[in-house]
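Just so it is clear, the structure is predicted and the values come from calculations on it, not from any experiment.
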Amino acid sequence: MSIFSKIKDAIWGHKAAPVEAAPSSPSMPQMNTPSDPGNPTPAAPAQAPAAPSAPVDVEAILTQKAAAKGQDLNWRTSIVDLMKVLDLDSSHANRLELAKELGFTGDTNDSATMNVWLQKQVMAKLAQSGGTVPAELTH
């Protein structure tokens with residue numbers, strides 16, 4: 001699994017689960033059996049496609065998770081802190097892998113520049129993936 005997928009999954013995994021609809025009627029007794037080849041079992045009715053999920057409020061989730069950490073983690077400007085908030089490995093090697101995934105073409109030895117770029121790219125990609133991200137965090 002890619003580093004970005006882990007970031008996204010760590011955020012999307014904290015949204016409210018959709019409520020399953022209860023069956024509208026009790027199950028009907030089945031009149032045929034597998035040993036009765038003359039009366040095949042009717043196919044189950046097709047399920048309606050799932051409604052599009054509501055946008056994920058990335059800022060609210062990350063703010064809540066950061067507060068629960070009990071540390072001063074500034075996920076808004078630091079890719080390292082963002083990864084820590086999500087309980088992900090924030091090592092330089094992992095950030096290099098993330099930079100490769102997201103197409104960083106700058107000098108990977110300039111970790112400060114790379115980290116700023118990563119932070120903005122991750123926020124932009126979260127927004128592209130359906131997350132609600134404040135505009136100032138994506139530019």
Asker: List the atom of Trp75, the atom of Leu82, and the distance in Å for their closest heavy-atom pair.
Answerer: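 Smallest heavy-atom distance, with atoms named: CB-CA, 3.8 Å.
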Asker: Does the side chain of Ser111 reach to within under 4.5 Å of the side chain of His92, using non-hydrogen atoms?
Answerer: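 Side-chain contact under 4.5 Å: yes.
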Asker: Decide if atom CG of Asp107 counts as having more than 12 heavy atoms of other residues, nucleotides or ligands within a radius under 6.0 Å.
Answerer: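 More than 12 heavy atoms, drawn from other residues, nucleotides or ligands, come within 6.0 Å of this atom.
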Asker: Can you tell me if Thr138 uses its side chain to pair, donor with acceptor, with the backbone of Ala135 under 3.5 Å?
Answerer: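 Present.
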Asker: How would you list, by chain and number, every residue that makes a side-chain contact (heavy atoms from CB on, under 4.5 Å) with Asn94, sequence neighbours excluded?
Answerer: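 Asn94 satisfies side-chain contact (heavy atoms from CB on, under 4.5 Å) with Ile3, Met83, Asp89, Ser91 only.
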Asker: Quick one: pull up CD in Gln128 and CE in Met123 and give me the separation to the nearest 0.5 Å.
Answerer: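 It is 13.0 Å, given to the nearest 0.5 Å.
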Asker: Report yes or no: does Ser5 contribute a side-chain atom to a donor-acceptor pair with the main-chain N or O of Met1 at less than 3.5 Å?
Answerer: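 Side chain of Ser5 to backbone of Met1: no pair is present.
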Asker: Would you say the side chain of Ile7 lies within less than 4.5 Å of the side chain of Leu98, judging by non-hydrogen atoms?
Answerer: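 Yes; the side chains approach each other to less than 4.5 Å.
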Asker: Report yes or no: does Ser129 contribute a side-chain atom to a donor-acceptor pair with the main-chain N or O of Lys125 at less than 3.5 Å?
Answerer: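 Yes.
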Asker: When you look at Val116 and Thr77, which way does the side chain to side chain contact (heavy atoms under 4.5 Å, CB included) test go after all the steps?
Answerer: CA-CA 7 Å; Val116 169; Thr77 59; over 6 Å; no
Asker: Check whether any side-chain heavy atom of Val56 sits under 4.5 Å from a side-chain heavy atom of Ile11, and report yes or no.
Answerer: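 In contact.
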Asker: Tell me if the NZ atom of Lys100 is crowded by more than 12 foreign heavy atoms within 6.0 Å.
Answerer: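 Not more than 12 within 6.0 Å, no.
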Asker: My understanding is that only residues two or more places apart in sequence, or in another chain, count here; which of them pass side-chain contact (heavy atoms from CB on, under 4.5 Å) with Lys84?
Answerer: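 Checked Lys84 against side-chain contact (heavy atoms from CB on, under 4.5 Å); matches are Leu73, Val80, Asp81, Ser90.
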Asker: Check ring-ring contact (aromatic ring centres under 6.0 Å, His included) between Phe104 and all other residues, then give those that pass, not counting sequence neighbours.
Answerer: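 Scan of Phe104 (ring-ring contact (aromatic ring centres under 6.0 Å, His included), adjacent residues dropped) gives Trp117.
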Asker: If every non-hydrogen atom of Glu59 is compared with every non-hydrogen atom of Pro134, which pair is closest and at what distance?
Answerer: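 The pair with the smallest heavy-atom distance is OE1-CG, 3.3 Å.
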Asker: Compare all side-chain heavy atoms of Val122 with those of Leu102 and state whether any distance is below 4.5 angstrom.
Answerer: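 In contact.
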Asker: I need the Asp72 CG to Asn74 CG distance, nearest 0.5 Å.
Answerer: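 Taking CG in Asp72 and CG in Asn74, the distance rounds to 7.0 Å.
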Asker: Could you tell me whether Arg76 and Glu136 have a side-chain N and a carboxylate O separated by less than 4.0 Å?
Answerer: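 The answer is no: the pair does not qualify as a salt bridge.
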Asker: Check whether any side-chain heavy atom of Ile79 sits under 4.5 Å from a side-chain heavy atom of Arg95, and report yes or no.
Answerer: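 Ile79 reaches Arg95 side chain to side chain.
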Asker: Does Glu101 reach the main-chain N or O of Phe4 with its side chain, forming a donor-acceptor pair under 3.5 Å?
Answerer: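 The answer is yes, because a donor-acceptor pair under 3.5 Å joins these two groups.
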Asker: Do Leu96 and Met114 have side-chain heavy atoms sitting under 4.5 Å apart?
Answerer: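 They are in side-chain contact.
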